[in-house]
Amino acid sequence: MRIAVLGTGMVGQTLAPAFARLGHDVVLGTRDPAVTRARDGWDLELPLRPFEEAADGAELVVNATDGRASLDVLARVGAALRGRVLLDVANPLDFSRGLPPSLTTPGDDSLAEQIQRAHPESRVVKSLNTVNCKLMVDPSRVSGDSTVFVAGDDPEAKAVVRDLLGALGWRDVIDLGALSAARGLEMWLPLWVGLMSTLGTTDFNLRVVR
Ligand SMILES: NC(=O)c1ccc[n+]([C@@H]2O[C@H](COP(=O)([O-])OP(=O)(O)OC[C@H]3O[C@@H](n4cnc5c(N)ncnc54)[C@H](OP(=O)(O)O)[C@@H]3O)[C@@H](O)[C@H]2O)c1
């Protein structure tokens, strides 16, 4: 499958090669490819395109951009999002007033829903935003089967994302239903940040015990 990963931070740099290792045809999106390629330590060989071009022809688009910039970036992508599955892994975090971070979205909304409203012809699925990027692509970093979630209004789009999660090694995938469940998934982040400072590691996750 052709996958466009929008974002060249830790998440984009981790997800893109993982999808390529699974045999997908992966393109990364960034503001300015020349600037990104010139970054210290940039060693990804995958194609790097401006955000405006990266999603052309992609079946799945991943939003792995800074949550405060995501709506702007996706507006630049525009028509290429029509009909596409849009996997949103971003978090709308605001660290400007220190820790814990606050969310840039009100309690009765989420970044994922804002994206879906801005791009009604895309099919947004929220997933993977609740774990560190290393765990996203290797859930065995924590012991036992921990839990990852999907939320979205389009069942076929969620099935595409669930297949990808399975290929990455996720076995306990909980479908929370409609995209409005992304509110809770994003609200977990202030607690996630607190756990990270208390535990001193990013290798932890929720396991929902039934
Ligand atoms: N780090 C994790 O393990 C983790 C885990 C779960 C969820 N998340 C979420 O995943 C997303 C990506 O996180 P990250 O740590 O990889 O990187 P990040 O620093 O949050 O985001 C980097 C990306 O955002 C773009 N960006 C930043 N400011 C921009 C602006 N003003 N206009 C346009 N684009 C802008 C950058 O563009 P350039 O490519 O041009 O630099 C880059 O591609 C975030 O929403 C984060 O909350 C992160």
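Counting convention: from 1, in listed order, for ligands and their atoms alike.
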Show me the pairs that pass salt bridge (charged side-chain N to carboxylate O under 4.0 Å, His left out) and involve residues 189-205, at least two apart or across chains. Arg141-Asp203

Applying a heavy-atom distance cut-off of 4.0 Å, which protein residues contact ligand 1? Gly7, Thr8, Gly9, Met10, Val11, Thr30, Arg31, Arg39, Phe51, Ala64, Thr65, Asp66, Gly67, Ala69, Val73, Arg76, Val89, Ala90, Asn91, Asn129, Val131, Asn132, Cys133, Met136

Lys/Arg-Asp/Glu bridge criterion (N-O < 4.0 Å) met for Asp72, Arg31: no

Kindly check if the number of other-residue, nucleotide or ligand heavy atoms within 6.0 Å of CZ (Arg97) is above 12? no

I would like to know whether Thr65 and Ser70 meet side chain to side chain donor-acceptor pair (under 3.5 Å); could you show each step before the answer? CA-CA 6 Å; Thr65 61; Ser70 295; 2.8 Å; yes

When you compare the side chain of Glu113 with that of Thr105, does any pair of heavy atoms fall below 4.5 Å? no

Is there a donor in the side chain of Arg68 and an acceptor in the side chain of Thr104, or the other way round, less than 3.5 Å apart? no

